[in-house]
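Below is one structure, written out as structure tokens, with a few remarks after it.
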Amino acid sequence: MNGRWFYKGLCVCLLLGFLQVQSETLRLDVPPKDSAPNILSKEDADNCDDLCQAVMNRLDTSRKKSGTHITISAGTNLIKSDNVELYGDIMIVPTIGIRAGTISFFNRYVGARGFFGLDVGFGRYSGVLGMISLGIDAIAEFSLSKKHLVFMGGMLGIGADAYIYYDTANYNSFSRMRKVGEVFMQAGITTMLGKHNRINIIYRFLPARRAYDFSPFGAVMIEYGFKF
């Protein structure tokens, strides 16, 4: 009997250590008590007590909540121009984009999202805006349903953008095209629906915007992401 309890305690300690090292997501979905996760054999499931099952369930949930993602976005970029008479104080450029990366959760409610993105926008005077971005977001969320199928929370991120802008009015040659690189921060609201769907509403801003002629001012985006 003592040997069995020692074996159980050792298993729990090893599993907890593995969870911490791997920084995997802890899910809230807990299967029925008599249904052990697939990562246990039938013999181990029969010998696993409540604490052991809880640890294994959380490990199984973390694997399901983490993974790679593809995200599409639509929004508006705000840009300060050097020609107020032609463009006004702020140029408003509608954009669409796509992002790809990974999502990992460190515990039940806190995770991170890394992404690489490409956005294209269309402005006045046949204007075309290209934007490449690389960033990471911290996510904190909580469950809104008893079955833990809906989560809502906030996100805060940082990254870098590279902009290229062309139009037929003022930026109409290679030498006059605007090519700008900036460090950005972004904050927003995130909602997870089911196991695969995530919707984000994000405001992106520049913490230290430079005072030169063509200067990105910020962006507002709504995103839909699918996690594989």
Side-chain angles (χ1 to χ4, degrees), residues 68-103 112-139 141 152-193 196-228:
T68 58
H69 71 89
I70 296 291
T71 300
I72 58 175
S73 67
T76 299
N77 268 260
L78 308 175
I79 299 173
K80 184 173 178 59
S81 171
D82 56 354
N83 192 327
V84 176
E85 294 182 358
L86 190 61
Y87 299 99
D89 291 334
I90 301 294
M91 298 169 56
I92 299 176
V93 183
T95 58
I96 56 175
I98 185 169
R99 317 194 197 300
T102 61
I103 298 178
R113 178 186 75 153
F115 64 89
F116 174 80
L118 176 64
D119 293 78
V120 178
F122 303 95
R124 298 171 61 187
Y125 310 109
S126 302
V128 178
L129 173 69
M131 183 177 73
I132 299 174
S133 58
L134 180 68
I136 184 170
D137 297 308
I139 301 173
E141 60 187 15
M152 176 173 281
M155 59 197 314
L156 181 66
I158 189 169
D161 283 330
Y163 296 83
I164 298 177
Y165 184 78
Y166 167 89
D167 69 21
T168 57
N170 198 47
Y171 309 111
N172 54 5
S173 67
F174 183 81
S175 61
R176 294 177 63 86
M177 287 172 57
R178 293 309 189 217
K179 300 171 277 290
V180 181
E182 295 284 2
V183 174
F184 70 83
M185 294 186 68
Q186 61 183 25
I189 299 172
T190 181
T191 302
M192 182 176 177
L193 303 172
H196 301 285
N197 306 293
R198 185 174 291 274
I199 297 175
N200 308 314
I201 300 176
I202 294 176
Y203 172 62
R204 180 177 294 186
F205 59 94
L206 279 63
R209 187 170 59 87
R210 303 173 187 175
Y212 46 62
D213 293 339
F214 182 93
S215 177
F217 193 79
V220 180
M221 295 172 286
I222 182 168
E223 300 179 339
Y224 166 75
F226 184 88
K227 183 197 71 65
F228 295 92

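Index from 1, following the sequence. None of these values were measured; they are calculated from a predicted model.
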Check whether any side-chain heavy atom of [X] lies under 4.5 Å from a side-chain heavy atom of [Y], and answer yes or no.
| X | Y | result |
| --- | --- | --- |
| Phe115 | Thr71 | no |
| Met221 | Arg99 | yes |
| Leu129 | Ile79 | yes |

Can you classify the ring geometry of Phe226 versus His196 as parallel (below 30°), tilted (30 to 60°) or perpendicular (above 60°)? parallel

Leu193, CG: over 12 other non-hydrogen atoms inside 6.0 angstrom: yes

I'd like to know whether CG of Leu118 has more than 12 heavy-atom contacts from other residues, nucleotides or ligands below 6.0 angstrom. yes

Please enumerate all residues that pass side chain to side chain donor-acceptor pair (under 3.5 Å) together with [X], with sequence neighbours excluded.
| X | answer |
| --- | --- |
| Tyr224 | Asn197 |
| Tyr166 | none |
| Arg176 | Asn170 |

Between [atom1] of [X] and [atom2] of [Y], what distance do you get to the nearest 0.5 Å?
| X | Y | atom1 | atom2 | result |
| --- | --- | --- | --- | --- |
| Phe174 | Lys179 | CZ | NZ | 4.5 Å |
| Asp137 | Met185 | CG | CE | 10.5 Å |
| Met155 | Gln186 | CE | CD | 6.5 Å |

With ring centroids as reference points, do Tyr163 and Tyr165 lie under 6.0 angstrom apart? no

Assess whether side chain to side chain contact (heavy atoms under 4.5 Å, CB included) is satisfied between Tyr171 and Tyr125, documenting all intermediate values. CA-CA 10 Å; Tyr171 309 111; Tyr125 310 109; over 6 Å; no

Pairing of Arg204 and Glu182 as salt bridge, 4.0 angstrom limit: no

If you apply the rule side chain to side chain contact (heavy atoms under 4.5 Å, CB included), what do you find for Thr191 with Arg198, and how did you get there? CA-CA 6 Å; Thr191 302; Arg198 185 174 291 274; over 6 Å; no

